Amino acid sequence: MSAQQAKRRIGILISGRGSNMVSLIEATRSGQLDAEVALVLSDVAEAPGLQKAQELGVEARAIVPQRFRTKLTGDDAQRYVDALKEAGVELVCLAGFMRVVKDPLLGAFPSRILNIHPSLLPSFPGLHAQEQAWSYGVKQSGCTVHFVDDTLDGGAIILQRVVPVLDEDTAESLSARILAEEHRLYPVAVGLILSGRYKVAGRRVAAFA
Ligand code: GAR
């Protein structure tokens with residue numbers, strides 16, 4: 001094999017500021033991940049993360065869906081498939097992408113779409129997970145990286161990290177503590193999936209020793 005062998009190519013889908021996207025790009029640049037981010041796509045034309053990606057030298061553009069506000073399906077999803085396939089992407093990472101992904105995108109990347117969520121799933125799926133956890137009064141929360149299926153934050157769990165909820169926390173301070181942990185966790189989970197050193201049995205995803 002050549003030392004110049006092409007790097008594994010990751011696509012990232014965002015809807016907003018893109019801080020998890022930046023942490024993944026940085027992980028590829030630091031060598032933590034032996035891969036490159038080939039393409040960033042957003043369903044929101046003015047997502048601040050698009051400009052951040054471009055500033056980091058990563059191709060990034062919006063593909064704004066024509067139908068539905070909370071899911072990506074049909075012709076809209078096909079436009080994502082076409083762009084990701086054209087970029088040679090093998091793994092798709094949702095990073096604050098605020099739509100439920102449906103076919104044909106799901107079927108085009110079987111077990112190759114990941115998501116990060118700011119709670120310990122299955123607790124607090126959906127929007128504002130950190131605020132849900134804080135309001136509920138749990139003493140621990142955290143973040144989860146999971147495979148994406150066609151449910152809301154319901155796919156098989158790959159890795160989780162626990163974050164304490166402190167008595168003096170606000171929803172905002174808890175969100176910031178969870179986000180810092182997300183930035184550490186997502187590159188680790190992506191590295192595990194790219195390595196192939198895991199097995200899946202039903203819903204259980206286990207890393208090899
Ligand atoms: C992150 O906290 C991510 O876990 C969450 O949106 C935020 C995006 O921030 N995603 C979800 O809630 C998905 N259900 P970022 O754009 O700075 O990465």
Side-chain angles (χ1 to χ4, degrees), residues 10-28 33 37 39-56 58 60-65 68-72 80 91-102 105-106 113-136 138 140-165 169-190 193:
I10 298 171
I12 303 180
L13 272 49
I14 63 169
S15 297
R17 70 188 160 191
S19 71
N20 277 290
M21 170 204 78
V22 170
S23 91
L24 289 173
I25 294 170
E26 284 175 350
T28 64
L33 283 176
V37 177
L39 181 62
V40 172
L41 295 175
S42 176
D43 61 328
V44 177
E46 58 278 8
L50 284 176
Q51 192 180 339
K52 280 186 207 160
Q54 288 160 356
E55 284 166 7
L56 289 166
V58 175
R61 62 180 184 272
I63 300 180
V64 179
F68 304 110
R69 292 183 57 175
T70 58
K71 61 181 176 179
L72 183 68
Y80 278 70
L91 184 72
V92 180
C93 297
L94 311 189
F97 187 69
M98 296 307 195
R99 286 173 186 263
V100 178
V101 171
K102 305 276 189 186
L105 181 52
L106 263 187
I113 308 181
L114 313 185
N115 181 44
I116 188 155
H117 183 76
S119 75
L120 293 176
L121 290 170
S123 292
F124 312 122
L127 293 176
H128 311 301
Q130 310 94 323
E131 196 174 336
Q132 290 185 55
W134 178 80
S135 306
Y136 194 95
V138 294
Q140 294 188 319
S141 190
C143 48
T144 303
V145 178
H146 62 91
F147 286 114
V148 171
D149 62 15
D150 66 354
T151 64
L152 178 65
D153 301 322
I157 291 170
I158 299 167
L159 290 175
Q160 293 185 303
R161 291 268 171 84
V162 174
V163 168
V165 183
D169 264 334
T170 60
E172 291 70 30
S173 64
L174 176 61
S175 297
R177 190 176 310 113
I178 292 173
L179 188 64
E181 200 58 46
E182 291 182 50
H183 295 163
R184 289 187 280 270
L185 181 64
Y186 212 173
V188 174
V190 169
I193 299 307

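In each ligand, atom 1 is the first atom listed, and ligand 1 is the first ligand listed. Values in this document were obtained by computation on a predicted structure and should not be read as measured data.
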Show every donor-acceptor pair shorter than 3.5 Å between a side-chain atom in residues 129-136 and any protein atom, with sequence neighbours excluded, or say none if there are none.
residue, atom, partner, partner atom, Å
Gln132, NE2, Pro125, O, 2.9
Gln132, NE2, Leu127, O, 2.8
Trp134, NE1, Asp169, O, 2.9
Ser135, OG, Glu131, O, 2.8

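A distance-only check finds a donor-acceptor pair linking the side chain of Arg99 to the backbone of Phe68 [under 3.5 Å]. In this structure, the side chain of Asp150 does not engage the main chain of Lys102 through any donor-acceptor pair within 3.5 Å. Glu181 contributes no side-chain N or O that, together with a main-chain N or O of Val162, makes up a donor-acceptor pair within less than 3.5 Å.
Judged as a side-chain hydrogen bond (donor to acceptor under 3.5 Å, both in side chains), the pairs with a partner in residues 119-128 (not counting sequence neighbours) are, in order, His117-Ser119.
Considering only non-hydrogen protein atoms, atom 10 (N) of ligand 1 sits nearest to Ile116 O, 3.7 Å. Taking atom 5 (C) of ligand 1 as the reference point, the nearest protein heavy-atom neighbour is Pro118 CD, 3.7 Å. Shortest contact from atom 13 (C) of ligand 1 to any protein heavy atom: His117 ND1, 3.8 Å. With respect to atom 8 (C) of ligand 1, the closest heavy atom belonging to the protein is Gly96 CA, 3.6 Å.
With a 4.5 Å cut-off on side-chain heavy atoms, Tyr80 and Val92 do not count as touching. You'll find the side chain of Thr144 stays beyond 4.5 Å of the side chain of Asn115, heavy atoms only. With contacts defined as side-chain heavy-atom distances shorter than 4.5 Å, the pair Arg17/Lys52 qualifies.
Checked by distance only, ligand 1 and Gly18 come closer than 3.5 Å through their nitrogen or oxygen atoms. The distance criterion of under 3.5 Å between nitrogen or oxygen atoms is met by Asn20 with respect to ligand 1.
Here is the list of ligand 1 atoms found below 4.0 Å of a heavy atom in Ser19: 15 (P), 16 (O), 17 (O), 18 (O). Atom numbering of ligand 1 starts at 1 in the shown order; those under 4.0 Å from a heavy atom of Glu182 are 1 (C), 2 (O), 3 (C), 4 (O).
Using 4.0 Å as the threshold, Met98 has a heavy atom nearer than that to some atom of ligand 1. Residue contacts with ligand 1 include Asp153, since one of its heavy atoms falls under 4.0 Å from the ligand.
At a heavy-atom cutoff of 4.0 Å, ligand 1 is contacted by no atom of Leu127, backbone or side chain.
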